[in-house]
Amino acid sequence: MKKFIVGNFKMNTTLHEFAKYLDEFLPLIKDCKNVVALSIPYTHLMLASQKLVATNVVYGSQNISTEEKGAYTGEISNLMVKDLGAYFTLVGHSEIRKKFRETNEQINQKIIRALSVNLKCILCIGETRTERNSNKTKMVLKKQLEVALKGLYENELKNIIIAYEPVWAIGTGKMPTVKEIEKTVEDIRQIIMDMFSQNSAEKICVIYGGSVNQNNCTNLLKIKNINGLLVGGACLDAKEFSNIVK
Ligand code: PGA
């Protein structure tokens, strides 16, 4: 089955650097069968819309506003991102949850906005180190999922990708063991089953993120029930990211 491999650029690269990156990256992955997705700064969406036509790469934004338009200085809406051909948006990344105090309720509003214009959502969820140490991982993920997906119809889940990213594994070089990830993904599917159905629990796309690199990606992709990877730091090097994709 095709894997869904996402590169999250975060706040990295100027437009010029991104153009150079694509020139190097695209030829390297042109025969790859996996789905490749780039989560890029807003300022790069227009260029992506030109450079990625007729390639096997889709692109999207790293966030959107809870609102559609109006007096929200500094915000970017679902419509603006969609207008530039985005296929998806990330929502609920832990850096936004933490640094901008984004709540599960706001994430729910963003998801509803995204789906209303046919943007898929990569919903990031994950526990902190303290939460894991006190055995609260499942409880935390349950709360994140229940609130973020509140009010969604079951058939909308096909437009949701769940990215399990333990907060303590992001950018740290640390990560849970393969067994722990497998168990957590099982828990995530169980929560989806309780909220929706067995069928949705089996079908929903769940990917793993947090310190993924070219050395550990093969083992991670072998984990039962994992449909792909969300790669931060390691996606900024075109050669390394192409190795992961391949
Ligand atoms: P990392 O980031 O791969 O650098 O740990 C992942 C992410 O934040 O999406």
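Just so you know, ligand 1 is whichever comes first in the structure, and atom 1 is the first atom listed for that ligand. Here the structure is a predicted model, which is why all the values come from computation and not from measurement.
Ring pair Phe25/Phe241 is parallel by interplanar angle, where below 30° counts as parallel and above 60° as perpendicular.
Heavy-atom distances between Ser211 and ligand 1 reach below 4.0 Å in at least one pair.
In this structure, the separation between CD on Glu146 and CD1 on Ile192 is 9.5 Å, given to the nearest 0.5 Å. From His44, atom NE2 reaches atom OH of Tyr59 across 13.5 Å, with rounding to the nearest 0.5 Å.
For ligand 1 and Ala169, the ligand atoms under 4.0 Å from any heavy atom of the residue are 5 (O). If you number the atoms of ligand 1 from 1 as listed, the ones under 4.0 Å from a heavy atom of Asn8 come out as 9 (O). When each atom of ligand 1 is checked for a heavy atom of His93 under 4.0 Å away, the hits are 7 (C), 8 (O), 9 (O). Listed by number with element, the atoms of ligand 1 under 4.0 angstrom from any heavy atom of Gly210 are 5 (O).
For the pair Glu67 and Arg113, the salt-bridge criterion is met [side-chain N within less than 4.0 Å of a carboxylate O].
More than 12 heavy atoms of other residues, nucleotides or ligands lie within 6.0 Å of NZ in Lys246, so this atom counts as buried by the packing criterion. Around the NZ atom of Lys138, the shell of radius 6.0 Å holds more than 12 heavy atoms that belong to other residues, nucleotides or ligands.
Residues Lys150 and Asn104 bring no donor and acceptor atom of their side chains to less than 3.5 Å of each other.
Regarding atom 3 (O) of ligand 1, its nearest protein heavy-atom neighbour is Gly232 N, 2.8 Å. Atom 6 (C) of ligand 1 has as its closest protein heavy atom Glu165 OE2, 3.4 Å.
Looking at Ala163, Cys235, Gly171, Gly233 and measuring to atom 5 (O) of ligand 1, the nearest heavy atom belongs to Gly171.
The distance criterion of under 3.5 Å between nitrogen or oxygen atoms is not met by Ala234 with respect to ligand 1.
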